[in-house]
Amino acid sequence: MPSIAIVGAGPQLGLAIARTFGSQGFDVALISRDRGKLDDLVGKLTAEGVNAAAFPADVLDRAGLTEALKGAAAEFGGIDVLEYSPVGTFGVTALTAPTGTEPSHVEFEMNFQLYGAIAATQAVLPAMREAGAGTLLYTTGAGSIRPDPRVANVNAAAAALRNWVMNLHKELADAGTGIQAAHIGIDSSIGVSVIPGLEAARPEQIAPLYWELHTAERDQAELVFKL
């Protein structure tokens with residue numbers, strides 16, 4: 001069976017993506033820091049007939065993230081789709097306006113968003129190249145495209161990730177690798193509104209975009225969700 005690894009798996013978008021791919025016969029590897037929360041998600045998916053397993057790892061620990069993805073590949077016989085969408089923890093992730101941004105504010109976000117994504121990609125890409133197939137999907141808020149000064153440090157790192165993904169898509173497509181790489185920009189909060197004026201979407205509204213990029217929209221480098 002094909003498999004998807006979801007990095008940053010949680011009870012909102014991660015679970016919705018897992019259900020979307022699981023309903024199509026995919027095995028699901030769930031990766032995030034909290035083993036207990038992952039086990040809860042595995043229980044929900046298992047009850048729905050989806051074969052899922054937990055692989056705890058912190059995206060800031062790049063060696064640990066690599067090992068988790070290698071463990072998932074060993075468990076499921078490979079990773080066909082990588083989805084990267086970790087979300088910072090409220091109270092830990094600082095949100096800064098441009099004039100209040102210190103280099104450390106952006107450095108944390110770069111480690112969390114861009115460098116974690118690169119590490120995850122390097123863990124799965126060699127096997128995808130060998131197979132001549134695969135899908136790499138990366139999620140940011142739409143501030144990576146249309147910046148919001150209230151979250152300038154997050155936007156800066158998200159824009160860097162988006163830029164890297166767009167280049168990755170072009171490199172892989174131009175080389176005829178058979179591997180799709182794409183960015184999903186989400187122009188809404190998910191579940192609960194966290195930024196004033198930004199309407200919240202249900203994760204089930206967003207998850208189909210990931211399936212589209214894996215199947216019918218493989219020539220697209222980007223899709224943007226907006227309510």
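Predicted, not measured: the structure shown is a model, and the values here were computed from it.
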**Request:** May I have the step-by-step check of side-chain contact (heavy atoms from CB on, under 4.5 Å) for Asp174 and Leu172, ending in yes or no?
**Result:** CA-CA 6 Å; Asp174 288 352; Leu172 295 173; over 6 Å; no
Hey, are the side chains of [X] and [Y] touching, using non-hydrogen atoms and a 4.5 Å cut-off?
X      : Y      : result
Val106 : Met110 : yes
Leu137 : Val81  : yes
Val151 : Asp148 : yes
Leu41  : Lys37  : no
Glu222 : Arg162 : yes
Phe55  : Glu75  : yes
Thr140 : Gln113 : yes
Trp211 : Ile17  : no

**Asked** Would you call Lys44 and Asp40 a salt bridge, taking side-chain N to carboxylate O under 4.0 Å as the test?
**Response**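 Looking at Lys44 and Asp40, the cut-off is not met.
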Tell me whether [X] shares a hydrophobic cluster with [Y], the cluster being built from Ile, Leu, Val, Met, Phe, Trp, Tyr side chains joined at under 4.5 Å.
X      : Y      : value
Ile206 : Ile145 : no
Phe225 : Leu223 : yes
Ile118 : Leu82  : yes
Ile186 : Met166 : no
Leu60  : Ile31  : yes

I need the [X] [atom1] to [Y] [atom2] distance, nearest 0.5 Å.
X      : Y      : atom1 : atom2 : result
Leu13  : Glu83  : CG    : CD    : 6.0 Å
Thr46  : Asn51  : OG1   : CG    : 7.0 Å
Thr121 : Leu136 : OG1   : CG    : 5.5 Å
Asp187 : Arg146 : CG    : CZ    : 4.5 Å
Leu45  : Glu48  : CG    : CD    : 6.0 Å
Leu38  : Arg35  : CG    : CZ    : 7.0 Å

For the student: nearest non-hydrogen atoms of [X] and [Y], plus distance:
X      : Y      : result
Leu65  : Gly116 : CD2-O, 3.6 Å
Val165 : Ala182 : CG1-C, 3.5 Å
Ala52  : Phe76  : C-CZ, 4.5 Å
Gly14  : Ile6   : O-CD1, 3.6 Å
Ala94  : Asn153 : O-ND2, 2.9 Å
Arg218 : Gly178 : NH2-O, 3.2 Å

**Audit row: Thr177, Arg129, side-chain contact (heavy atoms from CB on, under 4.5 Å) steps and yes/no** = CA-CA 7 Å; Thr177 62; Arg129 284 188 179 276; 3.7 Å; yes
Any sub-3.5 Å donor-acceptor pair from [X]'s side-chain atoms to [Y]'s backbone N or O?
X      : Y      : answer
Arg19  : Glu204 : no
Asn163 : Ala159 : no
Ser3   : Gly78  : yes
Gln180 : Gln220 : yes

**Message:** For a ring-ring contact (aromatic ring centres under 6.0 Å, His included) check, start with the C-alpha distance between Phe26 and His214, then their side-chain angles and the critical distance, and finish with the verdict.
**Reply:** CA-CA 12 Å; Phe26 274 66; His214 174 60; 5.6 Å; yes
**Asked** Looking at Thr215, Thr139, Thr20, which one forms a side-chain hydrogen bond (donor to acceptor under 3.5 Å, both in side chains) with Tyr210?
**Response**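 For Tyr210, the side-chain hydrogen bond (donor to acceptor under 3.5 Å, both in side chains) test succeeds with only one of Thr215, Thr139, Thr20, which is Thr139.
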**Request:** Assess whether side-chain contact (heavy atoms from CB on, under 4.5 Å) is satisfied between Val224 and Ile184, documenting all intermediate values.
**Result:** CA-CA 6 Å; Val224 178; Ile184 298 91; over 6 Å; no
**Prompt:** Mind checking whether Tyr84 and Tyr138 have parallel, tilted or perpendicular rings, split at 30° and 60°?
**Reply:** tilted
**Request:** Given side-chain contact (heavy atoms from CB on, under 4.5 Å), test Ile179 with Thr135 step by step and report yes or no.
**Result:** CA-CA 6 Å; Ile179 302 168; Thr135 300; over 6 Å; no
